[in-house]
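So the structure is just underneath, and the comments pick up after that.
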Amino acid sequence: VQLQAYGGGLVQAGGSLRLSCSDSGRTFSSYVMGWFRQAPGKEREFVAAISWSGTSTYYADSVKGRFTISRDNAKNTVYLQMNSLKPEDTAVYYCAAALTWGDYRETEYDFWGQGTLVTVSS
């Protein structure tokens, strides 16, 4: 698994942004995919996860109702659609892959992308 996250940028509060994360390997559909983020001066935190086929999703309370995670296994890509962005969503966003579903701690994720910066201005 080799993950590459992209799509970050600068957006005004209330705006939208879609992050993408592509896997150059051949086993993408074998992994649960997740998004995490790390704000300046803070620890990395869980954002959202999606099951192998995409039938199940789970969100942190802070983004529930605003963010949507999805995946396209034919394209080896997972997405994070972010709407109604707030300044507190400013962070480096990471995609990650795990073998199991249900534990959203970052220690359960085996492979990580390099991160993409999202900056939300007020």
Side-chain angles (χ1 to χ4, degrees):
V1 178
Q2 293 183 326
L3 303 174
Q4 177 83 21
Y6 51 97
L10 175 64
V11 62
Q12 289 188 332
S16 298
L17 208 57
R18 188 177 82 157
L19 305 182
S20 302
C21 173
S22 297
D23 173 25
S24 59
R26 299 185 178 183
T27 59
F28 180 76
S29 61
S30 300
Y31 290 89
V32 168
M33 296 301 298
W35 286 96
F36 291 76
R37 67 185 181 186
Q38 186 168 21
K42 295 187 177 181
E43 294 186 349
R44 189 156 55 185
E45 65 176 3
F46 169 80
V47 175
I50 189 166
S51 61
W52 305 269
S53 62
T55 53
S56 297
T57 57
Y58 186 79
Y59 297 92
D61 288 342
S62 58
V63 306
K64 200 173 296 182
R66 299 188 298 122
F67 290 11
T68 302
I69 188 171
S70 62
R71 68 189 295 164
D72 185 339
N73 287 343
K75 295 182 179 180
N76 284 7
T77 302
V78 61
Y79 306 96
L80 185 68
Q81 178 66 45
M82 305 184 293
N83 298 329
S84 302
L85 282 161
K86 306 175 181 179
E88 51 264 44
D89 293 319
T90 295
V92 176
Y93 283 72
Y94 299 88
C95 59
L99 290 172
T100 58
W101 174 255
D103 190 329
Y104 310 109
R105 295 173 294 173
E106 63 176 278
T107 53
E108 294 301 305
Y109 285 75
D110 302 300
F111 302 97
W112 292 81
Q114 84 291 358
T116 184
L117 176 63
V118 173
T119 303
V120 184
S121 63
S122 57

Legend entry - Pairs touching residues 102-122 that satisfy ring-ring contact (aromatic ring centres under 6.0 Å, His included), sequence neighbours left out: Tyr31-Phe111, Phe36-Tyr109, Phe36-Trp112, Phe46-Tyr104, Tyr58-Tyr104, Trp101-Tyr104
Inset, instruction - Kindly indicate whether the side chain of Tyr59, heavy atoms from C-beta on, has any atom under 4.5 Å from the side chain of Val47. - result: no
Legend entry - Validation row: Asn76, Ser22 side chains within 4.5 angstrom (heavy atoms): no
Legend entry - From Asn73 atom CG to Ser30 atom OG, the distance as rounded to the nearest 0.5 Å: 9.0 Å
Inset, instruction - Taking all non-hydrogen atoms of both residues into account, name the closest pair between Met33 and Ala97 and its distance. - result: SD-CB, 3.7 Å
Legend entry - Minimum heavy-atom distance between Leu117 and Ala91, given as atom pair plus value: CD1-O, 3.6 Å
Legend entry - Within one Ile-Leu-Val-Met-Phe-Trp-Tyr cluster: Tyr79 and Val118, side-chain cutoff 4.5 Å: no
Inset, instruction - Could you name each residue pair satisfying salt bridge (Lys or Arg N to Asp or Glu O under 4.0 Å) that touches residues 108-117, not counting sequence neighbours? - result: Arg105-Glu108
Inset, instruction - Kindly indicate whether the side chain of Trp52, heavy atoms from C-beta on, has any atom under 4.5 Å from the side chain of Ser29. - result: no
Legend entry - Distance (rounded to the nearest 0.5 Å) between Thr57 OG1 and Arg71 CZ: 12.0 Å
Inset, instruction - Measure the OG1-CG distance between Thr68 and Leu80 for me, rounded to the nearest 0.5 Å. - result: 8.0 Å
Legend entry - Rounded distance [0.5 Å steps], CZ in Arg18 versus OH in Tyr6: 8.0 Å
Legend entry - Minimum heavy-atom distance Val92-Gly115, with the two atoms named: CG1-CA, 3.8 Å
Legend entry - Residues which pass salt bridge (charged side-chain N to carboxylate O under 4.0 Å, His left out) with Arg44, listed by chain and number, not counting sequence neighbours: Glu106
Inset, instruction - Without swapping roles, check the side chain of Asp23 against the backbone of Leu3 for a donor-acceptor pair under 3.5 Å. - result: no
Inset, instruction - Heavy atoms only: give me the nearest Val78-Ile69 pair and the separation to one decimal. - result: CG2-CG1, 3.9 Å
Legend entry - NZ/Lys42: more than 12 non-hydrogen atoms of other groups inside 6.0 Å: no
Inset, instruction - Sorted by first residue and then second, give each ring-ring contact (aromatic ring centres under 6.0 Å, His included) pair with at least one member in residues 8-30; sequence neighbours left out. - result: none
Legend entry - Closest non-hydrogen atom pair, Met82 against Leu19: CE-CG, 3.7 Å
Legend entry - Pairs flagged by side-chain hydrogen bond (donor to acceptor under 3.5 Å, both in side chains) wherever residues 85-99 is involved - sequence neighbours left out: Arg37-Asp89, Arg37-Tyr93, Arg66-Asp89
Inset, instruction - Return each pair, listed once, that meets disulfide (SG to SG under 2.5 Å) where at least one residue sits in residues 72-122; pairs must be two or more places apart or across chains. - result: Cys21-Cys95
